[in-house]
Amino acid sequence: MHRRLATILAGLLVLGTSSLVMAQVAEDEVPRLSGGANLHTLWTLSETAGDPSNEIAISMARVKLLWREGKWLRARLQFDVDQLFEEEKSRAMLRDAWVELRLNRALRLRLGQFKRPFSALELRGRSSLEVISRGPANGLLIEDLGFGDRDLGLQISGDFGRSKRQVSYALGAFNGTGRNQPETDGNGAKDIVGRVTARARRWLTFGANASVKLFDTETVGYYPSWSWMTGVDMTIERKGLFVLVEALYGLNHDRCALAFEPDECRAENDRVGVPRAAAVSALVAYRFDLGTSLELALEPVVKGEVLMPDDGLDKALAGQASVGANLHFGKHVRLMVHGDLRRVDDALVGAWSDENRLFVQLALRL
């Protein structure tokens with residue numbers, strides 16, 4: 001454990017130091033290479049059945065490199081160093097690997113592996129995220145059902161208007177099998193994902209996104225031929241205040257993921273009556289400076305969500321509330337203390353259970 005932690009820390013410090021040096025290169029020099037690193041150490045106290053009651057872990061050890069050629073070309077590599085010690089390290093380690101051609105402000109072309117343009121909460125990176133966990137709705141709808149998260153694909157995007165009144169768009173086609181898994185995409189089925197955001201004021205932004213998944217039912221027999229998910233969101237960022245409200249609604253094409261015996265459920269699935277799923281979440285944070293020589297800032301955070309994973313089940317709601325505070329030490333260090341309270345209805349006990357958790361996380365960003 002100590003050797004593993006020392007290895008990760010040493011690697012992150014080397015990369016972080018090199019990234020600070022590279023960042024000093026003059027902007028007129030081409031190409032320009034920069035880098036960064038994130039290290040999150042997490043202590044968890046849990047009253048959840050089946051989980052360790054007291055655990056210390058490396059929740060994230062991530063490094064990234066960005067290369068740019070003038071204003072017209074970008075390339076990025078990002079990977080998780082902590083995944084070197086996991087069994088599936090070759091697949092799990094790589095996060096981002098893309099090249100982007102910037103023809104102009106209104107038209108950019110990106111090819112590689114990156115996040116699909118879906119869900120404002122998912123698109124907010126963990127180095128900026130005010131909470132430690134995005135919650136069960138993100139875990140089911142975005143990650144497990146595959147409507148968001150990272151994937152191999154091709155995307156066009158761009159911006160119109162001024163910074164005070166700006167409209168942005170992104171539209172992409174993706175494999176649909178998730179990151180680092182091209183060998184499982186043995187057919188022509190794809191995901192089509194699009195997102196539009198509109199900045200009504202400098203501090204107020206509205207967003208809408210949609211994702212359509214096309215399945216090859218001969219390859220995966222327990223899925224329907226297609227599925228979809230939509231979402232809308234609103235973000236407020238003003239004078240230390242951050243508010244994010246999001247609603248998601250669509251099809252749960254893998255209802256068996258909630259069953260006590262998923263494999264048996266899938267074997268018996270007749271693809272009739274694909275259920276609907278929905279979720280609503282809200283996150284509120286307010287950051288204010290404490291005015292000390294240590295550049296301290298305190299940020300209270302509250303997040304709540306309600307998830308309905310299957311409208312065909314009675315008593316099938318999951319709710320989670322998170323309350324905490326983040327203490328910022330300058331721009332690079334955060335001490336995060338959060339408590340999560342989750343309650344689930346009887347029909348969801350096979351997939352989740354009631355939770356009472358306390359998290360203490362020290363987050364370093366270089």
Side-chain angles (χ1 to χ4, degrees), residues 38 40-48 51 57 59-60 115 118-145 147-149 195 197 203-209 229 231-249 277-288 297-309 316-328 334-345 348 351-363 365:
N38 294 91
H40 292 182
T41 57
L42 179 66
W43 174 72
T44 305
L45 182 63
S46 175
E47 294 182 357
T48 305
D51 286 353
S59 62
M60 183 173 71
K115 278 190 177 183
F118 191 88
S119 172
L121 182 62
E122 171 65 21
L123 293 172
R124 192 165 182 81
R126 288 183 62 187
S127 61
S128 303
L129 191 63
E130 290 76 9
V131 290
I132 295 174
S133 170
R134 292 188 177 94
N138 180 272
L140 175 66
L141 305 182
I142 304 303
E143 296 181 1
D144 293 347
L145 295 182
F147 287 108
D149 207 355
R195 177 170 173 82
T197 61
W203 49 270
L204 177 63
T205 303
F206 296 97
N209 34 236
M229 183 69 62
V232 293
D233 53 80
M234 179 191 71
T235 304
I236 297 174
E237 296 182 82
R238 187 174 190 180
K239 296 181 179 179
L241 175 67
F242 178 79
V243 178
L244 173 58
V245 180
E246 183 171 65
L248 301 172
Y249 179 76
V280 177
S281 63
L283 188 158
V284 180
Y286 184 76
R287 176 173 172 171
F288 54 92
L298 185 62
E299 184 180 42
V301 181
V302 177
K303 180 181 179 294
E305 70 173 70
V306 177
L307 168 65
M308 179 191 69
L317 292 179
Q320 179 166 305
S322 302
V323 179
N326 304 325
L327 182 61
H328 296 257
R334 283 186 299 168
L335 177 62
M336 308 173 72
V337 181
H338 291 243
D340 282 0
L341 178 66
R342 180 186 300 175
R343 293 294 180 264
V344 301
D345 284 340
L348 301 179
W352 298 298
S353 60
D354 292 347
E355 287 185 358
N356 298 308
R357 289 184 176 182
L358 175 65
F359 299 100
V360 179
Q361 178 169 270
L362 187 61
R365 177 173 62 182

Interatomic spacing from [atom1] in [X] to [atom2] in [Y] - rounded to 0.5 Å:
X: Y249; Y: M308; atom1: OH; atom2: CE; result: 6.5 Å
X: F147; Y: M229; atom1: CZ; atom2: CE; result: 4.5 Å
X: L362; Y: L42; atom1: CG; atom2: CG; result: 10.5 Å
X: L348; Y: L317; atom1: CG; atom2: CG; result: 7.5 Å
X: R365; Y: N38; atom1: CZ; atom2: CG; result: 7.0 Å
X: E237; Y: L204; atom1: CD; atom2: CG; result: 10.5 Å

Backbone N/O of [Y] and side chain of [X]: donor-acceptor pair under 3.5 Å:
X: D233; Y: V245; answer: no
X: E305; Y: A137; answer: yes
X: R343; Y: E355; answer: yes

From L141, L307, V280, residue fulfilling side-chain contact (heavy atoms from CB on, under 4.5 Å) relative to L248:
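For L248, the side-chain contact (heavy atoms from CB on, under 4.5 Å) check succeeds only for L141.
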Side chain to side chain, [X] and [Y], heavy atoms closer than 4.5 Å:
X: E130; Y: L283; answer: yes
X: H338; Y: V131; answer: yes
X: V301; Y: N326; answer: yes
X: D354; Y: R342; answer: no
X: W352; Y: P309; answer: yes
X: L123; Y: K115; answer: yes
X: W43; Y: S59; answer: no
X: F242; Y: T235; answer: yes

Write down the atom of [X], the atom of [Y], and the distance for their closest heavy-atom approach.
X: S133; Y: D340; answer: CB-OD2, 4.5 Å
X: G135; Y: Q320; answer: CA-NE2, 4.1 Å
X: D345; Y: A316; answer: OD2-N, 3.5 Å
X: R195; Y: G207; answer: NH2-CA, 4.2 Å
X: G148; Y: F118; answer: CA-CB, 4.4 Å
X: A363; Y: M336; answer: CB-SD, 4.5 Å

Salt bridge flag under 4.0 Å for residues R124 and E122:
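Salt bridge between R124 and E122, a charged N being under 4.0 Å from a carboxylate O: no.
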For V337 and F359, what are the C-alpha separation, side-chain angles and deciding distance, and is it a side chain to side chain contact (heavy atoms under 4.5 Å, CB included)?
CA-CA 6 Å; V337 181; F359 299 100; over 6 Å; no
Might you work through the side chain to side chain donor-acceptor pair (under 3.5 Å) test for T41 and Q361, ending with a clear yes or no?
CA-CA 6 Å; T41 57; Q361 178 169 270; over 6 Å; no
Assess whether salt bridge (charged side-chain N to carboxylate O under 4.0 Å, His left out) is satisfied between E299 and R287, documenting all intermediate values.
CA-CA 4 Å; E299 184 180 42; R287 176 173 172 171; 5.7 Å; no
Intermediate values then yes/no, side chain to side chain contact (heavy atoms under 4.5 Å, CB included), V360 and T44
CA-CA 7 Å; V360 179; T44 305; over 6 Å; no
